[in-house]
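Positions are given from 1, in the same order as the sequence printed here. Atom set for the values below is all heavy atoms of this structure, side chains included, hydrogens, waters and symmetry mates excluded. First listed ligand is number 1; within each ligand, the first listed atom is number 1.
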Amino acid sequence: MNSPDTATVARHVAIIMDGNGRWAKRRSLGRVLGHREGIVSLREVIKEAVRSGVRYLTVYAFSTENWGRPAKEVGALMGLMARQLVKEAPDLVSQGVRLRAIGGIDKLPQNVRASLARVEELTRGGQVLDFVLALSYGGRSEICDAVKKLLAKGVAPEDIDEATISANLYAPDIPDPDLVIRTSGEMRLSNFLLWQSAYSEIYFTETLWPDFRAAEFRLALDEYARRTRRFGLTDEQLTGDA
Ligand code: FPP
């Protein structure tokens, strides 16, 4: 039952949780209620990730572009995160989940930063799943920040390569995502993990994020398990027949 096949289980799954607003609109509800329902999906997906043997789960909770949304929605989302993270902490701890945050964390309101710091501390011992929240996150900003770090360290241009950039991203110890999921029918990466997703498998579904629960997540993992990853090589090279 709880025996994941490590050869086919995605080690790192990254999710663009899209469609909360549309889910709410279809029910004539305010957008924030869509985000609230999205938290229920997130809770279920974390549980299923743990059950399935996924080791890293990164979710796009707030992009650098999302700051441009109406102030009321931004405020409500920040409040939701500040409150909810602390409430979820005991459940995360009991599942062995470690919370981490990536992005422009210094740009977040003080209450969100305080909740993040508290829950990161409470879950620090979690060794089953790293749950990575991308907040005020942008893939291009992350690459710019990595280059700035290299310059600040005085690294010479000829020493800058893919490995040095990778080593200076927000969470350099986390492997690139094997699978990137985007819900709600949109087929874009929207500035999410641009560097890291170079060879990721991408899975799009029409399902809106608040409807994306454990069974839907399983479907995505099953589809991943059926894919052949080539990393630019031929079938013969991959099977060793070359
Ligand atoms: C995209 O849907 C969703 C977001 C911008 C926010 C996602 C955040 C959560 C699910 C809450 C996270 C909370 C915690 C505690 C981690 P959208 O609003 O863009 O939907 P639309 O495209 O239908 O308008």
So Y137 and Y170, would you call those rings parallel, tilted or perpendicular, with 30° and 60° as cut-offs? perpendicular

Which is it for V59 and ligand 1 at heavy atoms under 4.0 Å: side chain, backbone, both or neither? neither

Checking contacts here: is it the side chain or the backbone of K25 that comes within 4.0 Å of ligand 1, counting heavy atoms only? Could be both or neither. neither

Going by heavy-atom distance to atom 8 (C) of ligand 1, choose the closest among G185, A61, A24, S63. A61

Atom 20 (O) of ligand 1 [closest protein heavy-atom partner, distance rounded to 0.1 Å]: G21 N, 3.0 Å

Per-residue contact class, L133 against ligand 1 - non-hydrogen pairs under 4.0 Å: side chain

Does any N or O atom in D18 lie less than 3.5 angstrom from one in ligand 1, N or O only? yes

Minimum-distance protein heavy atom relative to atom 14 (C) of ligand 1: M81 CG, 3.8 Å

What residue and atom, counting heavy atoms only, is the protein's closest point to atom 1 (C) of ligand 1, and at what distance? M17 O, 3.1 Å

Nearest protein heavy-atom contact for atom 10 (C) of ligand 1: which residue, which atom, what distance? N20 ND2, 3.6 Å

Looking at ligand 1, is there an atom of it that comes within less than 4.0 Å of some heavy atom belonging to I39? yes

Would you check if there is a donor-acceptor pair between the side chains of W209 and S184 at a distance under 3.5 Å? no

How far is atom 5 (C) of ligand 1 from its nearest protein heavy atom, and which residue and atom name does that atom have? N66 OD1, 3.7 Å

Charged N to carboxylate O under 4.0 angstrom, E120 versus R113? no

What are the atoms of ligand 1, with element, lying closer than 4.0 Å to any heavy atom of R22? 21 (P), 22 (O), 23 (O)

Please verify whether a non-hydrogen atom of R69 lies at under 4.0 Å from ligand 1. yes

